[in-house]
Amino acid sequence: MFYREAGQFKDNYAADRAVFPILQDRIGLGVILLAAFLVVPLLGNAFFLNSIMTPFLIMALGAIGLNILVGYTGLLSLGTGAFMGVGAYAAYKLTTSFPQVNVLIWVMCSGFFAAAVGAVFGLPSLRIKGFYLAVATLAAQFFLQWSFVRVGWLYNHDPSGAIQIPARTLFGLPITGPHATPLTQYLVVLSIVVFMTLIASNIVHGRIGRSWMAVRDMDIAAQLMGIRLLPTKLLAFAVSSFFCGVAGALMVFFWLGAAEPVVFDINLSFKILFMVIIGGLGSLIGCFLGAALIHVLPIVIRMLPLGGDAAMVEHLTFLLVGALIIFFLIVEPHGLAQLWRLLKQKLRVWPFPY
Amino acid sequence: MKLSKAAFLLSAALVAGAPLAAPAPAAAQSADTIYVPLFTYRTGAFAGSGIPIANGMRDYLTLLNERDGGIGGVKLVIEECETSYDAKKGLECYEAVKPKSPVMVNPWSTGTTLPLIPRAAVDKIPVLSMAYGLSSSAKGETFPWIFNPPATYWDGFTQILQYIAEQEGGGVEKLKGLKIGYIFLDASFGREPLPLIDKLSKELGFEAKLYPVAASDMQNQSSQWLSVRRDRPNYMILYGWGALNPTAINEAVRTGFPMEKFISIWWPSEDDAAGAGPGAAGFKTLNWHAVGADFPLHQDIRTHVVDKGLSQTAPDKIGQVLYNRGVYNSMLIAEAIRKAQEITGKKVVTGEDVRRGLENLNIDEARLEEIGLGGFTSPVKLTCADHNGHFPTFVQRWDGDSYEKITDYAPPLSQYVLPLLEEDAKAFAERNAPWPARTEPCDN
């Protein structure tokens with residue numbers, strides 16, 4: 001009744017090819033952005049911004065990165081945590097070596113280092129697929145994490161082996177370090193994530209994205225249609241790692257403030273992979289939904305007045321989140337994004353059944 | 001279809017519920033209590049070490065509330081936050097407790113301590129990282145808000161070397177020509193002594209063999225111990241935590257390494273050693289406080305806390321190494337609060353007051369006796385310049401079912417540690433330039 005495209009005529013190709021062809025979608029997106037940029041900063045307290053929203057956005061960006069690889073190109077990767085680490089260490093090295101350059105530039109540049117590393121570890125993807133590729137990317141995870149521990153140059157030979165983010169400013173406002181307020185950090189992260197999501201959306205809806213999907217659906221067919229497999233797959237690895245790298249840099253600079261190599265361990269890779277699978281393969285909105293379920297939900301459950309002591313609450317959280325994951329996977333194996341699509345379909349015909 | 005309707009409803013409920021669940025803005029802390037959050041880990045891979053510590057910390061503070069009505073007549077609000085030894089969750093806990101103005105935080109994880117080091121000064125919350133965290137945070141001039149008594153990992157390492165030298169019949173010059181193996185958790189904690197080892201092995205002329213164990217395969221150390229068998233070191237030194245300790249002890253027994261020559265930093269517990277069976281007898285660790293429950297304080301904990309059902313501790317676990325470590329930690333917390341009350345004359349103290357309390361901490365024999373811990377540990381006295389104290393430790397030997405103290409308290413080899421600390425604190429401030437200069441006045 002309220003959500004249908006009846007009466008919205010398109011009189012040019014650009015409008016027809018728009019990412020959001022329906023007016024209500026565009027309004028909805030505007031409302032969400034407005035809420036994210038205005039309502040959340042106005043209403044959220046420091047804990048909400050710093051421990052829920054900022055990590056949620058960063059995780060969602062990491063999930064977008066992995067989704068490009070797993071969801072759009074069909075290449076399974078378990079190296080996400082390590083690629084995020086590459087971004088974090090690159091940004092740290094860059095900003096400590098060239099402190100006069102704005103930290104945001106280095107955060108974005110760190111993606112290129114992650115992209116280069118990702119492309120190298122993506123080389124085997126031409127020959128191997130599926131689980132075998134997952135094992136090959138597992139090698140990236142272990143090797144890179146090993147380097148974060150062993151290559152002293154990466155963490156400026158800090159005896160504790162961790163990277164400590166120095167204080168940096170933007171327009172005179174501290175955005176990293178102890179004086180940065182959760183609000184500024186949230187807004188910086190939000191701006192970057194929105195911008196990068198827009199780029200991701202454009203890539204996956206364009207020629208490159210279509211060639212990735214062609215490779216995902218059947219690589220031999222894609223090859224016959226003139227898509228060169230190696231460059232396409234390597235590009236997917238590079239772009240995916242770029243997003244992950246930026247997410248990793250954001251994580252250390254705007255959320256944690258300091259990180260040991262163990263932050264980028266295999267658990268992070270799994271966490272992001274679960275976000276992608278539960279959110280929905282090959283869907284950008286799914287990345288946000290998945291990040292919300294995997295990262296935000298446990299925090300929310302911990303905050304609920306469940307009673308019992310801290311350890312009990314932790315166990316309950318495990319149980320509840322686990323049960324919810326199983327529940328969602330059973331009712332909707334295609335992820336939360338599919339639920340969203342079904343909901344839209346229903347809304348379109350509502351109040352009639354068909 | 002029915003199911004997916006349920007899914008819709010559930011997701012809608014979750015979405016609607018999320019804002020409700022956002023923490024109520026700092027449940028207005030009543031004016032006459034002191035808020036002491038405890039970061040604990042009773043779940044996850046490190047729970048074996050985390051549970052006794054959490055119990056010890058909690059029981060001591062609960063005792064003060066039950067027996068004395070708090071500290072100086074002010075009740076303590078004790079709240080645990082579960083971190084699972086995960087730095088990210090630890091930070092989340094920090095953010096969650098910050099609005100309730102805690103007087104101090106005890107991260108119990110080096111990974112959580114490091115991000116808190118720059119924040120402590122800004123948020124005005126002192127950090128007590130008891131014998132862990134950043135060694136150079138002992139320098140009060142550079143780190144006015146961080147405290148890490150009673151000893152650093154570097155101190156501990158020199159003490160183990162001293163003990164080895166004694167076994168060889170003399171001073172540190174006896175280390176010359178020895179082959180000493182170092183098996184450690186390959187993370188910031190275990191890697192911290194590496195610069196010291198590098199320096200000392202050259203100066204003292206021993207050969208160091210390094211056996212790093214990654215956190216992901218703490219429970220699989222067969223390759224490291226195969227190398228130990230090949231290298232045949234004269235002594236082995238262990239820096240482990242969580243599942244690494246029992247596995248290392250087990251493997252040492254299996255490979256037939258002489259347990260008398262296997263010496264660890266202060267973290268292994270009774271359970272870690274007991275798991276390896278009778279073969280583990282002879283294993284040694286450093287310690288700075290007594291083991292056992294024969295102190296008047298432990299009696300009080302039994303009467304006022306455990307018997308009343310206010311504790312999660314099994315009665316027979318009271319007095320174990322890590323339980324007493326938790327008690328020691330809480331004793332520092334409580335004494336710092338008491339000192340802060342004394343200095344400021346206020347009853348309800350803040351983080352800033354407790355920072356001063358920590359800097360003026362002075363627990364002498366008489367005070368220990370008063371607390372009910374006479375002879376439990378060596379006296380603790382901190383100053384503005386020295387936030388660690390580098391207090392003496394002793395060696396205890398596992399005899400098959402308990403740890404026995406076998407040496408006297410001995411001070412560390414400060415001549416090797418202090419210059420390194422100085423250097424490291426300076427380097428830290430340089431790396432993190434602009435590092436704020438100390439502005440806090442000194443009371444002593």
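Computation of the quantities below employed the complete heavy-atom set of this structure, encompassing side-chain atoms and omitting hydrogens, waters and symmetry-equivalent molecules. Everything numeric here is computed off the predicted structure, so don't read it as measured data. Residue numbers start from 1 in every chain, and the chains themselves are labelled A, B, ... in the order their sequence lines are given, proteins ahead of strands.
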Taking atom [atom1] of [X] and atom [atom2] of [Y], what is their separation to the nearest 0.5 Å?
| X | Y | atom1 | atom2 | answer |
| --- | --- | --- | --- | --- |
| A:L256 | B:T112 | CG | OG1 | 10.0 Å |
| A:H157 | B:R431 | NE2 | CZ | 10.0 Å |
| B:D424 | A:D158 | CG | CG | 7.0 Å |
| B:R191 | A:E260 | CZ | CD | 11.5 Å |
| A:W255 | B:L91 | CH2 | CG | 8.0 Å |
| A:H315 | B:E82 | NE2 | CD | 7.0 Å |

| Is there a side-chain contact between B:T83 and A:E314 (heavy atoms, below 4.5 Å)? |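 They are not in contact (no side-chain heavy atoms under 4.5 Å apart), so the answer is no.
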Quick one: what part of [X] sits under 4.5 Å from any heavy atom of chain B, side chain, backbone, both or neither?
| X | value |
| --- | --- |
| A:N267 | neither |
| A:Y92 | side chain |
| A:L49 | neither |

Discussion item. Quick check on B:E79 against chain A: is it the side chain, the backbone, both or neither that has a heavy atom closer than 4.5 Å?
Written reply: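 Neither part, no heavy atoms under 4.5 Å.
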Is chain A contacted by the side chain of B:A96, its backbone, both, or neither, given a heavy-atom distance below 4.5 Å?
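Answer is both: backbone and side chain atoms of B:A96 are under 4.5 Å from chain A.
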Going by the rule ring-ring contact (aromatic ring centres under 6.0 Å, His included), which residues pair with A:F253 if we only count those two or more places apart in sequence or in a different chain?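 ring-ring contact (aromatic ring centres under 6.0 Å, His included) list for A:F253, sorted by chain: empty.
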Report task. Using the test salt bridge (charged side-chain N to carboxylate O under 4.0 Å, His left out), find all partners of A:R168 that sit at least two apart in sequence or belong to another chain. Result ->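 Partners of A:R168 by the salt bridge (charged side-chain N to carboxylate O under 4.0 Å, His left out) criterion come out as none, since no residue qualifies.
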| task | Classify the side-chain pair B:E95/A:N50 by whether it contains a donor and acceptor separated by less than 3.5 Å. | result |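 Side chains of B:E95 and A:N50: pair found under 3.5 Å.
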